[in-house]
Amino acid sequence: MQPDDVSRVLAPALGPKLLAVEPFAGMAGRVRFERGAALELFPRVRDDLGFRHLSMVGGIDWVDHREVFYVVWSDAAHQYLLLSTDVPADNPRVETASGVWPSANWHERETWELVGIEFDNHPDLRHLLTPDGYEFRPLLRSFKLHEPEELEVKTRHV
Amino acid sequence: MTTPAPLLVSKPAEPLALGVDLPMVDQPAVPFIEIETLRAKEFIPAAKEALGSLIAEQGQAKVIRPVFNWAGRNSLFPLHWGLACCAIEFAAAFGARWDAERFGVVPRSSPRQCDVMIVNGTVTWKVAHKLITLYEQMPEPKWVIAMGNCATGGGPFRTAYSVVPGVDKLVPVDVYIAGCPPRPEAMLDGILELEKLIRERKE
Ligand code: SF4
């Protein structure tokens, strides 16, 4: 599957909300989309293109904005596809993918607690790797390594 | 002085049928057992009085405590759990080559059966509450060994966002073992250090 094949299926449905489909090394392509189009895009990628397995969700802090990306896998094409969207740093929220791919649930919890991306309508947005009550977003570039005395970790007994 | 009625009177022994005449010993006027009974009747209350305070003060320190310490330090049961890479060395120490069981050290899977917790790895804030819960579930007396640099002071992850800088922030630690990871010999050395501590234990 080539980026053209991907864009031929997605472009009519999404229109201008589909920003670009670019070639990406080792994958079927990189789909860049407006964050508001998430719920229109995900079912089409899963059902029309056949990428039925969500392999990972992650976030990147680009300082002026943040990026949320999804890596999906197609058994039929035997290929990965990268979906990515930009969110502003002051309001980093995007619709959850866990209604389309249930495996997004834990990945989004992790992205939320480490990169600070808010996932709307997530069924269970709790801490996954850091303790309950943990206040920091350690994978943001503004987070510096601390001497342990400077890092006041608050945890709750759960 | 009238002798009180004896509690128990021994029968004179039947002469042994040995075929030779043994020199006869005169039976004492009061049978032996009766004398013992009389002595005991006078002696025991006096001894109780004299020894009572002595036993209370010294018996604990001189008899019971050493026996307890001896038994305790020769059957240290560590909690069988692993937190990070040090757990591999912990596991190796119980294998055939190092054979920690020759010191009576047997890892147990339930904290209720353990008396020493070997913290063998990186303690994260996420696992901190579980560690404290496990520690609290262990019956007294109990000890903690911090194995490796991570458990001692955070190790290579000291400045990380998720690592407890030393397990002594959470539970009292008796023995620290340096190394990243400490070899099984070092872990056994730590256990022998703990045995020395237990030998000195007073209460
Ligand atoms: S001290 Fe070293 S070997 Fe032990 S848990 Fe930490 S990093 Fe791993």
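Quick note on labels: first sequence line is chain A, next is B, and so on, each numbered from 1. Keep in mind it's a predicted model, so treat the numbers as computed, not measured.
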Neighbour count above 12 (heavy atom, 6.0 Å) for B:Glu185 CD: yes
Looking at B:Lys126 and A:Pro131, would you say the former's side chain and the latter's main chain have a donor-acceptor pair under 3.5 Å? no
Does CZ belonging to A:Arg44 count more than 12 external heavy atoms closer than 6.0 Å? no
Heavy-atom closest contact (B:Ser162 atom, A:Tyr134 atom, distance): N-OH, 4.4 Å
Counting only heavy atoms not in B:Arg97 (residues, nucleotides, ligands), do more than 12 fall under 6.0 Å from its CZ? no
Could you tell me whether A:Arg30 atom CZ has more than 12 heavy atoms of other residues or ligands within 6.0 Å of it? yes
Expected contact set for residues 110-129 of chain A against chain B at heavy-atom separation under 4.5 Å reads A:Leu114, A:His127, A:Leu128, A:Leu129
